[in-house]
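Contents: one structure, followed by commentary.
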Amino acid sequence: MEVNVKNVNNIINKVYKDSIAEEIGVEVGDLLISINDQAIHDIIEYKFLLSDEYLEVEIKKIDGDIYVYEIEKDYDEDLGIEFTNPIIDQAKSCRNKCLFCFIDQLPKGMRETLYFKDDDSRLSFLQGNFVTLTNMSEDDINNIIKYRISPINISVHTTNPELRQTMIKNKFAGKLYSIMKRLADAQIQMNCQIVLCPGYNDKEELTRTINDLSNLYPYVNSAAIVPVGITKHRAHLPNLEIFSKKDANETIDQIDQIQNEYLNKIGTRFAFLSDEFYIIANRSLLEYDEYEDFIQFENGVGMISKLEREIQDHLKTLSKDQISRNKKVSIATGHSAFEFIKKMAKEIMDVCPSIEINVYKILNDFFGETITVSGLITATDIMQHLEYKDLGETLYIPRSMLKADEDIFLDNITLEKLQELMKIEIVPCLNEGHDFVDKILK
C-alpha cells in the first residue's frame, strides 16, 4: 500500500511519556494515516474519532513500513501525540477588512506570524481564538454540529446585519445571528466578544446586540466588551476615535443597568466590560464575586480584581523565611495596570519590610501611547524607558509581554537578548497571585 504524503500535515512531532502512543511504539516523525479506516483531514475529525473505545490506528513509520495498531481505551483517553501542524489542515485566513483590525495597524519588522489573520473555528475550539463566522460554508457549520466543536469564541461586534457589514466589510457578515441561532439550537456553547467603537456599535446598538445575544442564553453564556485599540500606524485606514473618560463612564453606566436587569431576569450579569473601561473612567472595578467565576478572563475582564484577591490571599500564607527576604527589585508594567501594580507592590512590602520594589510605567512608543495594556509592550520600549533607572537585582515583567509558547517579544527581540542588552535578570510572571509573589520573594 502506498501513501501519498505530499502536503500531508499529520506528521507526529511529539509523543507524550507513558502515553498509549509511547506504549505501542509510535515515534516522532511517524505519519498518522487513519483511525478505524477513516482518513484524518483535520484535528477536529481526529479528536472526534478518538472518542471510540476501540481503535484501529494506521501508522506509517519513518522507514516506510505501515502498521495497524489495535487499541482498547477509555472513551475520553487520548493517544498522547501532537502533530507538526496543530490543526493538521491549513488554517483558514480571514476574508474581512474590519475597520478596527489591529493587525492592519501593525508596523513592519515584527514577528512574521503576527501578520497572519486566522478566522478558523478549529483554532477557536483548540486555542481560544475568536472567529467572525463570515467564511463558513454549509459543510463547516454541519461539521461544528456533527463533531460537537464547543465552545466557539465569536467576534460579534454587533447583531445589526447592515452595521456588521459596514464594520467588517464582508457581504456575509449580516448572516451572523442566523448561524448563531442554528448553533444554539444544536446546543453548541458560544463565548462572545464585542470590540466597541465609539460612534459605531456603542450606545443603542450595544444594547440591541446584548439583548439579541441574551436570547440565545445559556448557549451564549456571556459577552465581553472591549474598547477599540488604535495604534499610530493607521495610515490609509478609516478614522476611529478611542474612548474618552466621558465615553467610558457612560458605557459603564449603561452596562451596569443592563447587568442588573439580566441578573434579575436570567441569574447572570451576562455582559461584562474589560478592565480598561474602568481605568479610562477612573472608576472602581466590580467586586471579585461580581465577575461570576471570571468567565471572560481571557478578554481582560476582571483580571485586576482576580490578581488582587490572589495576591492578598497568598501573602497570608508566607513563611517567616519568605517574609524576611532582603532584596531590591523592580517591576515593569503598562500604563493601564500601573497604579494597581504600585498598590500590590506596597502590600507586598508592608508584609515583607525587607523587600524594596520599584514599579515603572512603560509608555508604548512602538504602537503609540493610546495603547496602554502590558501585553502590547515591546522589548524596545522596555529598554528605552528603563535606561538609567534603579532596577535592583531583578526586573519582573508580565508573561503576557511574550509570545505564548516562546520567550520572544512583539518586536522580535528574545528575552535572552533583552537580558544581555540590559545586563539584568528579567523574570516573566504569570497573571496569578502566587506566581507573582513567589517569584519576587524567590
Residue among Lys181, Gln187, Arg182 satisfying side chain to side chain donor-acceptor pair (under 3.5 Å) with Asp185: Lys181
Nearest-0.5 Å distance that lies between atom OG1 in Thr268 and atom CG in Leu263: 7.0 Å
Asp365 and His385 side chains, donor-acceptor separation under 3.5 Å: yes
Test log, rule side chain to side chain donor-acceptor pair (under 3.5 Å), inputs His314 and Asp438: CA-CA 9 Å; His314 193 62; Asp438 286 348; 2.7 Å; yes
Check against side chain to side chain contact (heavy atoms under 4.5 Å, CB included), Leu285 and Asp275: CA-CA 7 Å; Leu285 282 80; Asp275 294 356; 3.3 Å; yes
Exam field: side chain Tyr360 to backbone Asp390, donor-acceptor pair closer than 3.5 Å: yes
Within 6.0 Å of NZ in Lys342, more than 12 heavy atoms from elsewhere: no
Straight-line distance of Phe270 CZ to Ile255 CD1, nearest 0.5 Å: 10.5 Å
Stepwise side chain to side chain contact (heavy atoms under 4.5 Å, CB included) check, Met180 with Thr159: CA-CA 10 Å; Met180 292 183 66; Thr159 53; 5.8 Å; no
Asn201 vs Phe100, side chain to side chain contact (heavy atoms under 4.5 Å, CB included): CA-CA, chis, key distance, verdict: CA-CA 12 Å; Asn201 59 340; Phe100 50 82; over 6 Å; no
Other residues, nucleotides, ligands: >12 heavy atoms within 6.0 Å of Lys439 NZ: yes
Exercise: identify the closest heavy-atom pair between Phe102 and Ile371: CE1-CD1, 3.8 Å
Non-hydrogen side-chain atoms of Asn299 and Phe272 separated by less than 4.5 Å: no
Flag side-chain contact, heavy atom, 4.5 Å: Met344 against Leu315: no
Side-chain heavy atoms of Leu79 within contact of Leu32, under 4.5 Å: no
Expected output: side-chain Asp30 to main-chain Ile12 donor-acceptor under 3.5 Å: no
Side-chain donor/acceptor of Lys14 to backbone N/O of Gly80, under 3.5 Å: no
Donor-acceptor side-chain pairing of Asp37 and Ser34 below 3.5 angstrom: no
Polar side chain donor-acceptor pair, Thr333 to Ser374, under 3.5 angstrom: yes
Whether Asp140 side chain and Ser137 backbone form a donor-acceptor pair below 3.5 Å: yes
Heavy-atom side-chain proximity of His233 to Thr231 below 4.5 angstrom: yes
Heavy-atom pair of closest approach, residues Ile362 and Ile382: CG2-N, 4.1 Å
Gln312 CD: over 12 foreign heavy atoms closer than 6.0 Å: yes
Exam field: side chain Gln105 to backbone Gly229, donor-acceptor pair closer than 3.5 Å: yes
Main-chain N/O of Glu369 paired with Asn364 side-chain donor or acceptor, under 3.5 Å: no
Neighbour count above 12 (heavy atom, 6.0 Å) for Glu406 CD: yes
Exam field: side chain Glu22 to backbone Asp18, donor-acceptor pair closer than 3.5 Å: yes
From CG (Leu196) to OG (Ser274), nearest 0.5 Å: 9.5 Å
Ion pair Asp350/Lys346, N-O distance below 4.0 Å: yes
Pairwise side-chain contact, Ile225 with Phe277, heavy-atom cut-off 4.5 Å (strictly under): yes
Asp104 and its salt bridge (Lys or Arg N to Asp or Glu O under 4.0 Å) partner, picked from Lys169, Lys97, Arg234: Lys97
Lys/Arg N to Asp/Glu carboxylate O, Glu27 vs Lys61, below 4.0 Å: yes
Ser305 side-chain N/O to Gly302 backbone N/O, donor-acceptor pair under 3.5 Å: no
Beyond-backbone contact of His157 with Gln193, side-chain heavy atoms, under 4.5 angstrom: yes
Verdict with supporting geometry, Asn358 and Leu391, side chain to side chain contact (heavy atoms under 4.5 Å, CB included): CA-CA 7 Å; Asn358 289 320; Leu391 302 180; over 6 Å; no
Proximity of Tyr46 and Phe83 rings by center, below 6.0 Å: yes
Atom pair CG (Leu183) and CD (Gln189), whose distance is rounded to the nearest 0.5 Å: 11.0 Å
Over 12 non-hydrogen atoms of neighbours within 6.0 angstrom of CG in Asp65: yes
Phe294 and Tyr288 aromatic centres sub-6.0 Å: yes
Pairwise side-chain contact, Ile188 with Arg148, heavy-atom cut-off 4.5 Å (strictly under): yes
Gap separating the CD atom of Glu72 from the CD atom of Glu77, nearest 0.5 angstrom: 11.5 Å
Check: Phe367 and Pro107 side chains under 4.5 Å, non-hydrogen atoms: yes
Side chain to side chain donor-acceptor pair (under 3.5 Å) between Asp212 and Thr209, intermediate numbers included: CA-CA 5 Å; Asp212 285 345; Thr209 297; 5.9 Å; no
For the student: nearest non-hydrogen atoms of Leu415 and Phe409, plus distance: CA-CE1, 4.0 Å
Glu292 side chain vs Arg269 backbone, donor-acceptor pair below 3.5 Å: yes
Which pairs of donor and acceptor atoms, one on a side chain in residues 422-433, lie under 3.5 Å apart (sequence neighbours left out)?
residue, atom, partner, partner atom, Å
Glu425, OE1, Thr394, OG1, 3.0
Glu432, OE1, His434, NE2, 3.2

Interatomic distance, Ile408 atom CD1 to Met401 atom CE [nearest 0.5 angstrom]: 15.5 Å
Minimum-distance pair of heavy atoms, taken over all atoms of Asp74 and Glu53: C-CG, 4.3 Å
Polar side-chain atom of Thr84 near backbone of Ile11 as donor-acceptor pair, under 3.5 Å: yes
cation_pi(Lys306, Phe297) dist<6.0 Å, angle<=45: yes
